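Take a look at the structure set out below.
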Amino acid sequence: MTANRFGGGWTSDKLAALKDYLQFYCLALSRQPYRLIYIDAFAGTGRCRIKSAAGGEKEIDGSARIALDCSPGFRDYKFIEPKRKHIRELEELKAAHPKGAQVSIAKGTAQDLLPMVLLGRDWSKFRGVLFLDPFGLQCDYGLLKQIAETKALDVFFLVSLSGLYRQAAVRESGIDEGKANKLTSFLGTTDWRDAIYSPPTQGDLFGEQPRERERGWQAILQFTTERLRGLFPYVADPVKLGSANNAPLFALYFAVANDSPQALALAKRVSTDILSKIR
């Protein structure tokens, strides 16, 4: 199997958190009257090649293999992947794995195919875990709203903070229409303008006051968290991952769509423990 090249030490941390939670989840719900499903919307190949702390690279299990190896496991596995080469690798994994008959693989983007997966089930009979691990800002707010409306999925969602602050120029006037549309699509509102931009303390020579944001990531992260908490009954504090120029590259979110008090309390307790290992 070919390993897709992706990430560094933080990738290993992210996947370790996913593995721990899947193990807990399958065991906790093993006697519940639900059909358990795992959905991987950016499935890759099942193997990852990451930078090693000792130098060079190493291969580790990717999310698809981690989910399949989880015991007692899920009833259904849905892998979504747009790259033909990765699809071939996933087909090989499916053919070789003991749980291969329970695997369904779809070629396409999460934005196009995940809505059909979500609409094609009676979620009163299902419970599951969704892993959203995009390279950029491919998952818009409308898709996240659909996920929340299932009231059945626990979600690990990797947000590209670097993608967000690349779109949001320090000076608001530097945001072109394409970047503005991308931010609005991802955050589901134009309120991001007022949330992260404020007038400078002094105007320019013509008396105008162009709005600017702080040269950092905190306001963008805070607003993203607020928007997700407007959708899901529970969203854990994000875990910041990776670093470049003293700024985190990603934020790993854990969210629960099930609004049952018992489910929320259990998921909150266990996810807090798991995520604390990588803070």
Side-chain angles (χ1 to χ4, degrees), residues 6-7 9-29 36-44 46 48 50 60-70 73-74 76-81 110-111 114 117-118 126-141 143-148 150-161 163 186 221 224-225 227-229 231-242 248-258 263-264 266-279:
F6 183 65
W10 58 267
T11 301
S12 180
D13 291 338
K14 170 191 66 179
L15 292 173
L18 175 68
K19 180 178 181 179
D20 286 349
Y21 191 77
L22 294 183
Q23 193 66 53
F24 148 76
Y25 188 91
C26 289
L27 189 60
L29 274 72
L36 300 187
I37 183 170
Y38 171 79
I39 306 171
D40 199 325
F42 299 84
C48 291
I50 65 172
I60 61 173
D61 288 343
S63 54
R65 181 177 288 277
I66 286 172
L68 284 171
D69 287 347
C70 178
F74 294 83
D76 302 304
Y77 298 84
K78 184 71 174 181
F79 298 149
I80 299 172
E81 171 56 45
Q111 195 66 37
L114 187 53
V117 174
L118 299 177
F126 281 81
R127 291 293 183 269
V129 177
L130 167 64
F131 189 44
L132 285 177
D133 190 21
F135 293 103
L137 304 178
Q138 293 94 334
C139 300
D140 67 25
Y141 198 77
L143 180 58
L144 296 172
K145 185 172 185 291
Q146 281 186 271
I147 295 166
T150 66
K151 296 187 180 297
L153 292 170
D154 291 359
V155 185
F156 281 89
F157 180 30
L158 190 73
V159 171
S160 173
L161 276 181
F186 183 80
L221 178 62
T224 301
T225 303
R227 293 298 294 160
L228 291 175
R229 286 177 174 163
L231 286 177
F232 293 91
Y234 174 70
V235 176
D237 291 337
V239 178
K240 298 179 286 293
L241 297 173
L249 295 175
F250 299 96
L252 179 63
Y253 284 92
F254 173 76
V256 180
N258 189 344
L264 288 171
L266 183 59
K268 179 178 180 180
R269 177 175 60 80
V270 174
S271 65
T272 298
D273 179 62
I274 290 172
L275 294 176
S276 68
K277 298 175 184 177
I278 56 175
R279 291 189 185 279

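Position 1 is the first residue of the sequence, and the numbers go up from there. None of these values were measured; they are calculated from a predicted model.
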(Q) Donor-acceptor check, side chain of Glu81 to backbone of Gly44, threshold 3.5 angstrom: yes or no? (A) yes
Q | Salt bridge Asp133-Lys14, side-chain N to carboxylate O under 4.0 Å | A | yes
Q: Examine distances only and state if a side-chain atom of Tyr25 and a backbone atom of Gly128 form a donor-acceptor pair shorter than 3.5 Å.
A: yes
Q: Would you indicate whether the side-chain heavy atoms of Ile60 and Ser12 approach each other to under 4.5 Å?
A: yes
Q: Could you tell me the separation between the CG atom of Asp20 and the CG atom of Leu15, rounded to the nearest 0.5 Å?
A: 11.0 Å
Q.
Can you give me the closest heavy-atom contact between Leu153 and Val129, atom names plus distance?
A. CD2-N, 4.1 Å
Q | Closest non-hydrogen atom pair, Tyr38 against Phe74 | A | N-CD2, 3.7 Å
Q: Over all heavy atoms of both residues, which pair between Cys48 and Gly62 is shortest? Give the atoms and the distance, please.
A: SG-CA, 3.9 Å
Q: Assert yes or no for the condition that the ring centre distance of Tyr141 to Phe186 is strictly below 6.0 Å.
A: no
Q.
If we check side chain to side chain contact (heavy atoms under 4.5 Å, CB included) with Phe254, which of these qualifies: Val155, Asp154, Val239, Val235?
A. Asp154
Q) So, Gln111 side chain and Asp140 main chain: donor-acceptor pair closer than 3.5 Å or not? A) yes
Q: State, without any angle test, whether Tyr234 and Asn258 hold a side-chain donor-acceptor pair at a distance under 3.5 Å.
A: no
Q: Verify, without hydrogens or angle tests, whether Gln146 (side chain) and Leu144 (backbone) share a donor-acceptor contact under 3.5 angstrom.
A: no
Q: Identify whether the distance between the nearest side-chain nitrogen and carboxylate oxygen of Asp13 and Lys277 falls below 4.0 Å.
A: no
**Q.** Side-chain heavy atoms of Leu36 within contact of Asp76, under 4.5 Å
**A.** no
Q: Would you indicate whether the side-chain heavy atoms of Phe42 and Leu132 approach each other to under 4.5 Å?
A: yes
Q. Do you know the tightest heavy-atom contact between Phe126 and Ala152?
A. O-CB, 3.4 Å
**Q.** Where Leu266 and Ala28 come nearest, the two heavy atoms and their spacing
**A.** CD2-CB, 4.5 Å
(Q) Distance alone, cut at 3.5 Å: any donor-acceptor contact between the side chains of Tyr253 and Thr224? (A) no
